[in-house]
2 protein chains.
Amino acid sequence: MVADEAALDEFCQKFRLKKTGRNEILLQAGDVCPYIYFVNSGCLRVYMMDVNGKESTRFLITEGRFGTAFPSFTLQEPSLAYIQSIEPTEALYINHHDFRELLDTIPGWERVYLISLERDYIASIKRIESLITMDATQRYRHLMDTNPEIIRRLPNKIIADYLGISQETLSRLKSKK
Amino acid sequence: MVADEAALDEFCQKFRLKKTGRNEILLQAGDVCPYIYFVNSGCLRVYMMDVNGKESTRFLITEGRFGTAFPSFTLQEPSLAYIQSIEPTEALYINHHDFRELLDTIPGWERVYLISLERDYIASIKRIESLITMDATQRYRHLMDTNPEIIRRLPNKIIADYLGISQETLSRLKSKK
DNA sequence: CTTGAAATTTGACAAATGTCAAATAATTTA
DNA sequence: TAAATTATTTGACATTTGTCAAATTTCAAG
């Protein structure tokens, strides 16, 4: 239908393209996160840093996924997290106002976003479960089973932060079995 | 408006009331979760049990909150979790089919649910953060700061499971400071 | 109000994981 | 390609947290 094509066109118009190098910071903690990203290639990392400089990875966003500093973007309040491109990355992005507007203007978009939210929420519930029920070894094996690619692809340090363990412990787990 | 009143009325019609005693099981692991609950009074607990019988609490749902075994209810697949009433509880419930139908029939409901999902997702992100960045002491203090009521109200064992630590460790944390 | 069951506390010890430091390996960039 | 940086591995040891058992306290049902 013409109407839907026009809507889709308007949808796409709102997005801009960003290309980054390795290890660029896209969002500083303390700033309000203006954008949600759709990663075409590369990998974004949403992470926090404590007072001692110790980092923890909240999310890893690879090709074909939406991602942002979700609480900050959604509530438009200062972010506890940083966003960084671990690899050279190409991503589409849209600002908060335009993103909210899509909910009212693009037919069916509200449902698409809702279902995507359900999926992300379920993924985060699964992650909570792995954190409260599994020890370091089990969490590592679980990640091996469900997402072996990011283990191959990303540095130890990032994977360890993501699993909530130290790099040394991860290194020892890897050499065990 | 009359139309909205009729819609609201239809909305309410879909819910049924359930009253439970203490420690009743509302959902068995392995079953598909048919209902989402709105707790009027009391407290529901969504928890898992490992092969050794060790329990872990995924969620605690108190007055005025919606809750269910979310992945099972949403995807209509067998649940890894149990639902239990920790206290005598009064809750409204609605089945999956009717709940999905509300999205299409009640004007504005899709948006309400979407925003509720965003909130729940943000809460789960915060919980992940507390699990990967804090040790047992910090997590306990954090819960004291953000939700002291459930510590007062619920047994140690449940709180410990929720924090992902053993009851003995929690008991020692409480006596320390 | 009493009694039996459940929850909590405590001690002793074991296991898991973290920390620090140093050596080695891998990777990036000039 | 070489130098410099960054990542990984390893050892020694400290710390945190878990486990098991027993004593004590609290609480709910009769």
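The basis for the numbers below is simple: all heavy atoms, side chains too, and nothing from hydrogens, waters or symmetry mates. Just so we're on the same page: letters track the sequence lines, and every chain starts at 1.
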Protein and nucleotides 13-17 of chain C: nitrogen or oxygen contacts under 3.5 angstrom:
residue, atom, partner, partner atom, Å
C:dT17, OP1, A:Ala136, N, 2.8

**Item:** Backbone N/O of B:Cys33 and side chain of B:Ser72: donor-acceptor pair under 3.5 Å
**Value:** yes
**Under-4.0 Å salt bridge between A:Glu55 and A:Arg45** = yes
**Request:** Salt-bridge test for A:Arg139 and A:Glu129: reply yes if a basic N is under 4.0 Å from a carboxylate O, no otherwise.
**Result:** no
**Asked** Do A:Asp98 and A:Arg16 pass the salt bridge (Lys or Arg N to Asp or Glu O under 4.0 Å) test, and can you show the C-alpha distance, the side-chain angles, and the key distance before you say yes or no?
**Response** CA-CA 12 Å; A:Asp98 287 349; A:Arg16 294 282 170 268; over 6 Å; no
Heavy-atom neighbours of [X] [atom1] exceed 12 at 6.0 Å:
X	atom1	result
A:Arg153	CZ	yes
B:Tyr35	OH	no
B:Met49	CE	yes

**Message:** Within 45 degrees of the ring normal and closer than 6.0 Å to the centroid, is that where the cationic atom of A:Arg127 sits relative to A:Tyr162?
**Reply:** yes
**Request:** Could you tell me the separation between the OH atom of B:Tyr140 and the P atom of C:dT8, rounded to a whole number of Å?
**Result:** 12 Å
Look for any protein N or O under 3.5 Å of an N or O in nucleotides 20-29 of chain C and output each such pair with its distance, or none.
residue, atom, partner, partner atom, Å
C:dC20, N4, A:Glu168, OE2, 3.2

**Message:** Is there a salt bridge (Lys or Arg N to Asp or Glu O under 4.0 Å) between B:Lys18 and B:Glu90? Walk through the geometry before answering.
**Reply:** CA-CA 6 Å; B:Lys18 167 127 192 156; B:Glu90 212 178 282; over 6 Å; no
**Prompt:** Just checking, any donor-acceptor pair under 3.5 angstrom between side chains of B:Lys14 and B:Asn95?
**Reply:** no
Below 3.5 Å between N/O atoms, which protein atoms pair up with nucleotides 6-8 of chain D? Just atom names and distances, please.
residue, atom, partner, partner atom, Å
D:dT8, OP1, A:Asn156, N, 2.9
D:dT8, OP2, A:Asn156, N, 3.0
D:dT8, OP2, A:Lys157, N, 3.3

